[in-house]
Amino acid sequence: MRLSDPSVLDILERSMVARLASMSRRGRPHVNPLYFIVTDGHIHLGTATATLAAHNVGANPQVQVIFEDERNPTDRRMLRIDGEAVVRTDPALMESYRRGVARKYVIHPPGLWNMLVHTHRWLPMRRYTSAAEACVIDVTPVSIEIIEDRSRLARLR
């Protein structure tokens, strides 16, 4: 499966938050919800260099990213992407990421709704990310899978 497949793109377009699973040097797992955009076959996740997500990617580039349609509980699909990640701070990528985030999360109706519903998170998020240099976790997909009924995952555990 490819990032350009229509069913994959459908889930990515409906998803507002990516859940990045990373692993520390000591093997401790960590899951972090992050805003994201898709650019040229890559998943770009915004964070700051001092975050645990960025540190973990620096220690172990193998990550998994989960996407689902948070606004539609009847959509039972989940997209799981395994990939190789790198933390990037280059100015051209950061500017491209900022423009993409503005289109997706601010000037697009579902994005505007998402921002308005979560106004209580603006100040804590700003404090959290302003303590260090902004960065993008750049994920190159290695494998992509659509799980048609995510409720099956809970029953399998």
**Message:** With a 4.5 Å cut-off on side-chain heavy atoms, are I81 and L3 touching?
**Reply:** yes
**Prompt:** Would a 4.5 Å heavy-atom cut-off, applied to side chains only, mark I37 and R103 as touching?
**Reply:** no
**OG on S15 to CE on M78, rounded to 0.5 Å** = 11.5 Å
**Item:** Residue from R14, R76, M16 passing side chain to side chain contact (heavy atoms under 4.5 Å, CB included) with D69
**Value:** R14
**Request:** Would you check if L20 and I43 make a side-chain contact, meaning some heavy-atom pair closer than 4.5 Å?
**Result:** no
Going by atom type alone, with no hydrogens or angles, which donor-acceptor pairs under 3.5 Å involve a side-chain atom of residues 23-31 and a protein atom two or more places apart or on another chain?
residue	atom	partner	partner atom	Å
S24	OG	R26	N	3.3
S24	OG	G27	N	3.4
S24	OG	R28	N	3.0

**Complete:** Rounded to the nearest 0.5 angstrom, the OG1-CZ distance for T39 and R99 is 10.0 Å
**Fill in**
Looking only at heavy atoms, the pair that brings R2 and I144 closest together is C-CD1, 3.6 Å
**Message:** Give me the atom names and distance for the closest heavy-atom approach of V17 to P33.
**Reply:** CG1-CB, 3.5 Å
**Message:** Applying the side chain to side chain contact (heavy atoms under 4.5 Å, CB included) criterion to H44, which one of V38, L93, L34 satisfies it?
**Reply:** L93
**Item:** Minimum heavy-atom distance between V65 and A18, given as atom pair plus value
**Value:** CG1-CB, 3.7 Å
**Request:** Look at atom CD of E84 and say whether more than 12 heavy atoms of other residues, nucleotides or ligands are closer to it than 6.0 Å.
**Result:** yes
**Request:** Consider only side-chain heavy atoms of I, L, V, M, F, W and Y, link residues closer than 4.5 Å, and tell whether V142 and L45 are in one cluster.
**Result:** no
**Item:** Residue from T51, V63, D138 passing side chain to side chain contact (heavy atoms under 4.5 Å, CB included) with V57
**Value:** V63
**Item:** Which atom of A48 lies closest to which atom of C135, heavy atoms considered
**Value:** C-SG, 3.5 Å
**Request:** Kindly say whether G46 contributes a backbone atom to a donor-acceptor pair with the side chain of Y35 at under 3.5 angstrom?
**Result:** no
**Asked** When you measure from the side chain of N56 to the backbone N and O of A53, does any donor-acceptor pair fall under 3.5 Å?
**Response** no
**Request:** To the nearest 0.5 angstrom, please state how far the CZ atom of R19 sits from the CD atom of E68.
**Result:** 5.0 Å
**Request:** Any ring-ring contact (aromatic ring centres under 6.0 Å, His included) involving residues 45-87? Give me the pairs, sequence neighbours left out, ordered by first then second residue.
**Result:** F36-F67
**Prompt:** Hey, what do you get for CG (D82) to OG1 (T140), rounding to the nearest 0.5 Å?
**Reply:** 13.0 Å
**Message:** Same cluster or not: Y97 versus V86, using hydrophobic residues (I, L, V, M, F, W, Y) connected whenever any side-chain heavy atoms lie under 4.5 Å apart?
**Reply:** no
**Item:** Atom pair CD (E148) and CG (D75), whose distance is rounded to the nearest 0.5 Å
**Value:** 9.0 Å
**Message:** For A85 versus V139, what's the shortest heavy-atom pair and its separation?
**Reply:** CB-CG2, 4.0 Å
**Item:** Heavy-atom side-chain contact between Q64 and R80 under 4.5 Å
**Value:** yes
